[in-house]
Protein chains: 2
Amino acid sequence: MTAATEPARPRRSDATRAAILQAARDRFAAEGYERATIRAIAADARIDPSMVMRYYGNKEGLFAAAAEFDLRLPDLTAVPPGQLGEVLIRHFLDRWEGDETLAALLRAASTNPGAADRMRTIFADQITAAVAAFGTDPATAARRAGLVAAQTLGLAFTRYIVQLPPMVTMTPEELIAWVAPTLQRYLTGLPEN
Amino acid sequence: MTAATEPARPRRSDATRAAILQAARDRFAAEGYERATIRAIAADARIDPSMVMRYYGNKEGLFAAAAEFDLRLPDLTAVPPGQLGEVLIRHFLDRWEGDETLAALLRAASTNPGAADRMRTIFADQITAAVAAFGTDPATAARRAGLVAAQTLGLAFTRYIVQLPPMVTMTPEELIAWVAPTLQRYLTGLPEN
DNA sequence: ACCGTAGGCCAACGCCCGTTGACATTCCAG
DNA sequence: CTGGAATGTCAACGGGCGTTGGCCTACGGT
């Protein structure tokens, strides 16, 4: 061992790796898993396709690296219970406007089983954990999390993927005003209130 | 002309055409546009791939025929205004459980521009028309239709495509109980009610 | 009974894909 | 200064895809 346990020796190829990842995110987000080709990604990153294979193994490995995704949910226990809906939708919009990773994941999850699995894990686990954390009935926490995921993913799907005109036109603040009460009821309300 | 203007002479190939269309819907719904291959569809229909080309021109034409889709929205003017949300979500679930055309359209719209365009048209036009029909402010009708589309498509996406466990487990009646008030507010309520 | 024609199959084309292995270049530790 | 590892290029492979055109078959109107 040259240093300690070679903790963070910067490799010369880090720039290339990053360029590949950025190009991959762009392509996956814009075209989905199957239309985004390794050749096109490599061309965007100005390197040879074989480098992609060397660094990420295969196309699936590349996607796994490019679609690394964390909802970064805030601590909901610190939020006044009446504002949970607004805090959540505001967070999601903040998190997603300008980060195409979610678009990549959404497009890919529609056709790629592995990506769908990852999406299931992310949303089921992370949202359920956040919802369960502030003391709702654990039995209904999963259901509430599912409904929140359905509404937020529907928003993302119509705004970023299908680009339904009214959903694209609305400002984040307008969306928040409409959707916050929905999430609030899914989180703390009762069905058919 | 043998008959009148040859109105409905049944062709011998109608059965084949129908078999192709059914196989196409199955494959497009299960695998999306790019993974569903003409060869596999033809094999399912037990005919030669070239027949698909003869009858539908090319892959896009086949998809267009297979994804012919009508929301078949009921006449909302005949519904008591207070029950609009429930009627709508009940209709959608009825319409979609067991018809895979929507799944095909959803999967394809994620990656295929033509399919996305069709989805935009279907939801923007049909829902906007239905919403505008019962006398809401025309200026907000498009927005309300967009929000309804976002919620219902999010439900479909999480239940039929990603198959989030809680969204798959819930019965239609449970879903109706939760989602009906949401649609009701999107249709007749005010933001941040 | 005939024969045009619609229905169907087969073989092949050109293309692009993911992936591989051999080779060239650059870096840097000893 | 030098040799091995890291970085990168090049050319090719096998395979699957959409699509085409030629050929065979069997129906059905006359």
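In what follows, every heavy atom counts, from backbone to side chain, and hydrogens, waters and symmetry copies are set aside. Residue numbering restarts at 1 for every chain, and letters A, B, ... go by the order of the sequence lines.
Note: A:Phe28 and A:Tyr33 have parallel aromatic rings, judged against thresholds of 30 and 60 degrees for the angle between ring planes.
One interatomic measurement links the two molecules: CD of A:Glu60 to P of C:dG18, which rounds to 12 Å at whole-angstrom precision. In this structure, OH of A:Tyr56 is placed 12 Å from P of D:dT7, rounded to the nearest angstrom. Going from atom CG of B:Asp14 over to atom P of C:dA6 covers 14 Å, rounded to whole Å. Per the geometry, CE belonging to B:Met51 stands 17 Å off P belonging to D:dC24, to the nearest Å. The interatomic distance linking B:Ile20 (CD1) with C:dG8 (P) rounds to 8 Å, in whole Å.
Contacts of residues 27-48 of chain B with DNA chain C (heavy atom under 4.0 Å): B:Arg39, B:Ile47, B:Asp48.
With C:dG8, D:dG8, D:dG18 as the choices, the nucleotide that has an atom nearest any side-chain atom of B:Arg54 turns out to be C:dG8. Of the listed nucleotides (D:dG22, D:dT19, D:dT9), D:dT19 has the atom at the smallest distance from the side chain of B:Met53.
A salt bridge does not link A:Arg107 with A:Glu31: none of the charged nitrogens is closer than 4.0 Å to a carboxylate oxygen. In this structure, B:Arg17 does not pair ionically with B:Asp14, as no charged nitrogen and carboxylate oxygen lie closer than 4.0 Å. Between B:Glu173 and B:Arg90 a salt bridge is recorded (basic side-chain N to carboxylate O distance below 4.0 Å). Salt-bridge formation is detected for the pair B:Arg159/B:Glu97: a Lys NZ or Arg NE/NH1/NH2 atom is positioned less than 4.0 Å from an Asp or Glu carboxylate oxygen.
In terms of phosphate contacts, B:Ser50 brings no side-chain nitrogen or oxygen within less than 4.0 Å of OP1 or OP2 of D:dT19.
A donor-acceptor pair shorter than 3.5 Å cannot be found between the side chains of B:Thr182 and A:Gln151.
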